[in-house]
*Asks:* 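Provided herewith is a single structure, encoded as structure tokens, for subsequent inquiry.
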There are 2 protein chains.
Amino acid sequence: MMNKNQSLLWDHPRFRSWIAVARACQLMQTVLTRELTELDIKPPHLDILINLYRFEGISQQELARKLLVGRSNMSMALPQMEKRGLIERRGDTKDKRVLRLYLTREGRSVTEKAMAIQTALIERTLSSEPLDQCMAMAESMERLIVTLQSEIREDSREPA
Amino acid sequence: MMNKNQSLLWDHPRFRSWIAVARACQLMQTVLTRELTELDIKPPHLDILINLYRFEGISQQELARKLLVGRSNMSMALPQMEKRGLIERRGDTKDKRVLRLYLTREGRSVTEKAMAIQTALIERTLSSEPLDQCMAMAESMERLIVTLQSEIREDSREPA
DNA sequence: CCAATAATGTTCAATGCTGAACAATAAAGT
DNA sequence: ACTTTATTGTTCAGCATTGAACATTATTGG
């Protein structure tokens with residue numbers, strides 16, 4: 001009876017797989033947080049920096065969308081980073097509402113060091129997995145991302 | 001020059017794979033949060049419930065370790081859940097320091113409903129991935145978890 | 001041109017998580 | 001037995017994140 005319910009849920013291989021994925025993510029985050037302390041930044045700031053590194057001149061709104069966080073989040077975090085001299089916010093010349101974001105020289109340097117740390121961590125911990133296995137996993141995850149994003153959009157369209 | 005740095009980091013297949021994994025986790029969390037609103041619980045509470053479902057009579061400390069969160073976290077969250085009638089905390093008879101945790105009838109019912117929602121979500125979004133691919137991913141992730149956990153333990157042993 | 005609607009960023013209260021300091025209890029060392 | 005050390009749970013201040021309400025600026029429709 002109660003055993004049936006339990007086994008019904010826990011014997012699903014996909015369920016167990018996903019639990020492992022989530023746990024691995026959590027642990028990776030923990031270790032990354034520790035390794036970033038020497039640069040005095042935390043993973044959320046690193047995510048911002050990496051996106052500015054790749055997409056210079058992006059707006060706060062676009063950045064928030066890429067990071068899957070709220071706009072208010074950016075409004076709180078970015079002024080801090082600006083005070084620390086990592087980034088710069090300049091108003092768009094055409095649209096006076098938007099602020100465009102740029103890395104300073106210092107910010108670029110910190111970003112490169114932090115990305116090196118993160119890459120090294122990933123390489124180190126994933127080195128025992130064969131490359132083609134990693135690629136296959138990436139493809140699965142990218143399909144998953146597309147599925148989930150479309151689901152999120154549907155939900156926000158139909159608030160019924 | 002700057003291009004070299006950029007390509008050095010972004011051409012690492014394992015790096016890109018991991019970024020996809022992290023993003024998928026974030027999205028899954030977002031969707032799960034939405035689908036759990038009908039039960040009026042959030043993912044952190046569900047994690048607690050699932051662990052109590054499987055390990056009745058666990059202590060707060062053990063639970064915190066399983067969830068990879070601080071003890072203080074449990075001290076804040078569990079009294080809330082107790083007030084909502086989902087769980088019960090009873091002092092251990094032998095060791096007066098520890099509080100042992102149990103699901104109430106209501107808590108068990110909510111847990112089963114929530115697990116059904118989560119399982120359905122995972123089955124739905126992962127259904128397009130072949131089962132053996134899921135299993136292979138789970139094995140990779142479990143190896144990764146072991147690696148990361150040992151790394152965390154080393155760090156906390158050598159605070160030098 | 002002017003009103004209505006939309007988009008961008010900010011502020012604020014509420015929530016969750018953390019790490020450090022603390023109180024009570026247990027275990028170990030003497 | 002008694003002092004010291006370790007463990008368990010609590011409290012608290014600090015920080016990140018969210019969603020709602022808001023001000024400013026663009027865009028659209030008349």
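Throughout, a chain's letter reflects where its sequence line sits, starting with A, and its residues are numbered from 1. These values consider heavy atoms only, across backbone and side chains, with no hydrogens, waters or symmetry-generated copies.
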*Asks:* To the nearest angstrom, how far is A:D92 atom CG from D:dT24 atom C1'?
*Replies:* 15 Å
*Asks:* Does A:N51 reach the main-chain N or O of A:D47 with its side chain, forming a donor-acceptor pair under 3.5 Å?
*Replies:* yes
*Asks:* Figure out the CD/P separation between A:Q29 and C:dT18, and round it to whole Å.
*Replies:* 11 Å
*Asks:* Whole-Å distance between C:dT8 P and A:L63 CG?
*Replies:* 13 Å
*Asks:* As a test of reading the structure: which of D:dG9, D:dT25, C:dT18 is closest to the side chain of B:Q61, going by heavy atoms?
*Replies:* D:dG9
*Asks:* Whole Å only: how far is the CZ atom of A:R34 from the C1' atom of C:dG19?
*Replies:* 12 Å
*Asks:* Please report, rounded to the nearest Å, how far the P atom of D:dG9 is from the CD atom of B:E62.
*Replies:* 8 Å
*Asks:* So what does A:Q80 touch, heavy atoms closer than 4.0 Å: a base, only the sugar-phosphate, or nothing?
*Replies:* sugar-phosphate
*Asks:* Mind calculating the distance between CZ (B:R71) and P (C:dA24) to the nearest angstrom?
*Replies:* 16 Å
*Asks:* A:P44 has a side chain; which of D:dA16, D:dG9, D:dT11 sits nearest to it?
*Replies:* D:dA16
*Asks:* Within the structure shown, what part of the strands sits under 4.0 Å from A:M76 by heavy-atom distance: base, sugar-phosphate, or nothing?
*Replies:* base
*Asks:* Tell me whether B:T37 contacts the main-chain N or O of B:T33 through its side chain, where contact means a donor paired with an acceptor under 3.5 Å.
*Replies:* no
*Asks:* Students often get this wrong, so: under 4.0 angstrom with heavy atoms, is A:N73 touching a base, only sugar-phosphate, or nothing?
*Replies:* base
*Asks:* More 5' along DNA chain D: A:K96 or A:K42, using each one's nearest nucleotide?
*Replies:* A:K42
*Asks:* Using only heavy-atom distances, decide whether a donor-acceptor pair under 3.5 angstrom links the side-chain of A:S75 to the base of C:dG9.
*Replies:* no
*Asks:* What nucleotide, of D:dT10, C:dG16, D:dT11, holds the atom closest to the side chain of B:L99?
*Replies:* D:dT10
*Asks:* Please state how far atom CG in A:L68 lies from atom C1' in D:dG19, giving the value in whole angstrom units.
*Replies:* 16 Å
*Asks:* Under 3.5 Å, is there a donor-acceptor pair between the side chain of A:E82 and the main chain of A:R89?
*Replies:* yes
*Asks:* Kindly point out which of D:dG19, C:dG9, D:dT11 is positioned nearest to the side chain of A:S59?
*Replies:* C:dG9
*Asks:* Using a cut-off of 4.0 Å on non-hydrogen atoms, how would the nucleic acid contact of B:R89 be classed: base, sugar-phosphate, or nothing?
*Replies:* sugar-phosphate
*Asks:* Where the side chain of B:E62 meets the backbone of B:S59, is there a donor-acceptor pair that is under 3.5 Å apart?
*Replies:* yes
*Asks:* Whether the side chain of A:R71 engages the backbone of A:Q61 through a donor-acceptor N/O pair (distance < 3.5 Å, no angle test) should be reported.
*Replies:* no
*Asks:* Ignoring hydrogens and angles, answer whether the base of D:dT24 and the side-chain atoms of A:R97 contain a donor-acceptor pair closer than 3.5 Å.
*Replies:* no
*Asks:* Whole angstroms only, please: what is the CE-P distance between B:M74 and D:dT11?
*Replies:* 15 Å
*Asks:* Looking only at side-chain atoms of B:D95, point me to the closest of C:dA26, C:dT18, D:dT8.
*Replies:* C:dA26
